[in-house]
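A quick write-up on the structure given underneath.
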Protein chains: 2
Amino acid sequence: MQWNKLEDEACSMARTIAVIGDRWTLLILRDCFLRVRRFEDFQQRLGITRPILADRLRKLVAKFVLAKVPYQERPVRYEYRLTPKGLDLYPVVMSIVHWGDVHMSDRKGRPLLHRHELCGKDFDPVLVCSECGEPLVPRQVHVHPGPGAGSPRHVPLGMDVPVPRQPARKRA
Amino acid sequence: MQWNKLEDEACSMARTIAVIGDRWTLLILRDCFLRVRRFEDFQQRLGITRPILADRLRKLVAKFVLAKVPYQERPVRYEYRLTPKGLDLYPVVMSIVHWGDVHMSDRKGRPLLHRHELCGKDFDPVLVCSECGEPLVPRQVHVHPGPGAGSPRHVPLGMDVPVPRQPARKRA
DNA sequence: CGCACTGCGTTCGAATACAAAACCTGCCTG
DNA sequence: CAGGCAGGTTTTGTATTCGAACGCAGTGCG
């Protein structure tokens, strides 16, 4: 499957991956949330090569995740800023960081702690239900097709199928 | 930067990306949460080629995200199951799917809806603070170095730096 | 003027990852 | 014994990605 095909899948995960499912893109976005905005800064902080960086920034702008806005005239220079669409990726980025904190830290512990300005405490991010506020666990989530459902070659995430497979298995 | 170097960064995001930051790996994990467990099923559902699938499964097992357990003897056949470490990726997967639902759906709407068994309603996932329960927004989160902090070549996510750059800029 | 510098990229072969298809193994079934 | 099935590996060609170097505009400095 090529990158472009991913976008056409009737699966939100595939479509998202078509935008951010690239090693560099996620690191660039992390830096965006750190208020890094300029080509040179990205390049130096990430150690990414210039052609790749230029390509990823271009793609993110084309997908309206970043916006290219001039910060000075004469020589016109641009900086890359998160759009509202880009800002909405915060949960994705935070979830990834948190998983790394919990599961990929070495003996010394996690490299950094997050403090919530509202309550003043160090916290972990928790994913909850928008309706009842309870934490989400995989087993309590069922999925049913929505208006944009296509032929489910990819049965979408959480779909409670008994694993689609050839009906009966002879051997246990 | 090569893949392996990512793991050594003192950044939880980089370390997580070293595990799951691959287009196929995330799709495989999505299917895992759908209770897909067998090589053939992954292959057919994803349209992934066999060598790549074998490679990704091997890596996920090596990283303890999946476990390879026999489900029958004589011919020994294995299935791949999420470990607790793997199950903890649920927020990552859900956040990605939700972003796709919101921002990548076509006119017809999102391909699927999620229903929460506990409250019986269709919901969106929301990322909240574990301490006060309020939704997290980027601007209200500050970060300070934790015990595992290294030299911050990558200043970690959310770090509230005024963008590290060469002190004074000659041109405005 | 003329030369260097800064910010932001592009162009170029070499290395890598990937796709498509065929092949192999161990066991079972007809 | 032919064929099938689950779960891979091998082989071969193509698309991506990479690192190093170059291009280029607009100053700034002597």
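Side-chain atoms are counted along with the backbone in the values below, which use heavy atoms only and exclude waters and symmetry mates. What you are looking at is a predicted structure, and each value in this text was computed from that prediction instead of being measured. Convention: sequence-line order gives letters A, B, ...; per-chain numbering from 1.
Rounded to whole Å, atom C1' of C/dT16 lies 13 Å from atom CG of B/D22. A/Q72 places its CD atom 9 Å from the P atom of D/dT27, with the value rounded to the nearest Å. When rounded to the nearest whole Å, the span between OH of B/Y78 and P of D/dT9 equals 12 Å. We find that CZ of A/F39 is positioned 8 Å from P of C/dT10, with the value rounded to whole Å. When the P atom of D/dG7 is taken as reference, atom CD of B/Q43 falls 11 Å away, rounded to whole Å. Nucleotide C/dC8 holds its P atom 15 Å from the CG atom of A/L46, rounded to whole Å.
When the nucleotides D/dC18, C/dG26, D/dG8 are ranked by their closest atom to the side chain of B/A54, D/dG8 comes out on top. Comparing D/dG8, D/dC18, C/dC8 by their closest approach to the side chain of A/T49 singles out D/dC18. Proximity note for A/E40 (side chain, C-beta onward) versus D/dC18, D/dA6, C/dG7: the nearest is C/dG7. Proximity note for B/Y71 (side chain, C-beta onward) versus C/dC18, D/dG7, C/dT10: the nearest is D/dG7. In the set C/dG9, D/dC5, D/dA25, the nucleotide with an atom closest to the side chain of A/Y80 is C/dG9. Relative to the side chain of A/W24, the nucleotides D/dC18, D/dG8, C/dC27 differ in distance, and D/dC18 lies closest. With C/dA20, C/dC18, C/dT10 as the candidates, the nucleotide lying closest to the side chain of A/P51 is C/dT10. The side chain of A/R23 lies closest to D/dT17 when the candidates are D/dT17, D/dA6, C/dC18. With distances taken from any side-chain atom of A/R58 to the nucleotides D/dT17, C/dG9, C/dT10, the minimum falls on C/dT10. The A/R56 side chain lies nearest to D/dC18 when the options are D/dA6, D/dC18, D/dG19.
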Under 3.5 Å, which donor-acceptor pairs do the side chains of residues 126-137 of chain B form with other protein atoms, sequence neighbours left out?
{"from": "B/S130", "atom 1": "OG", "to": "A/D124", "atom 2": "N", "distance (Å)": "2.8"}
{"from": "B/S130", "atom 1": "OG", "to": "A/D124", "atom 2": "O", "distance (Å)": "3.1"}

Ignoring hydrogens and angles, write down the donor-acceptor pairs under 3.5 Å from the side chains of residues 52-59 of chain B, residues two or more places apart or on other chains.
{"from": "B/D55", "atom 1": "OD2", "to": "B/K59", "atom 2": "NZ", "distance (Å)": "3.1"}
{"from": "B/R56", "atom 1": "NE", "to": "B/D22", "atom 2": "OD1", "distance (Å)": "3.4"}
{"from": "B/R56", "atom 1": "NE", "to": "B/D22", "atom 2": "OD2", "distance (Å)": "2.8"}
{"from": "B/R56", "atom 1": "NH2", "to": "B/D22", "atom 2": "OD1", "distance (Å)": "3.1"}

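In this model, a side-chain donor or acceptor of A/R50 finds a partner on the base of C/dG9 within 3.5 Å.
Annotation: A/Y90 is in aromatic contact with A/F33 [ring centroid separation under 6.0 Å].
Considering CZ of B/R30 and OG of A/S12, their distance stands at 10.0 Å, rounded to 0.5 Å.
Ionic pairing of B/R77 and B/E79 is not present here: no N-O contact between side-chain nitrogen and carboxylate oxygen is shorter than 4.0 angstrom.
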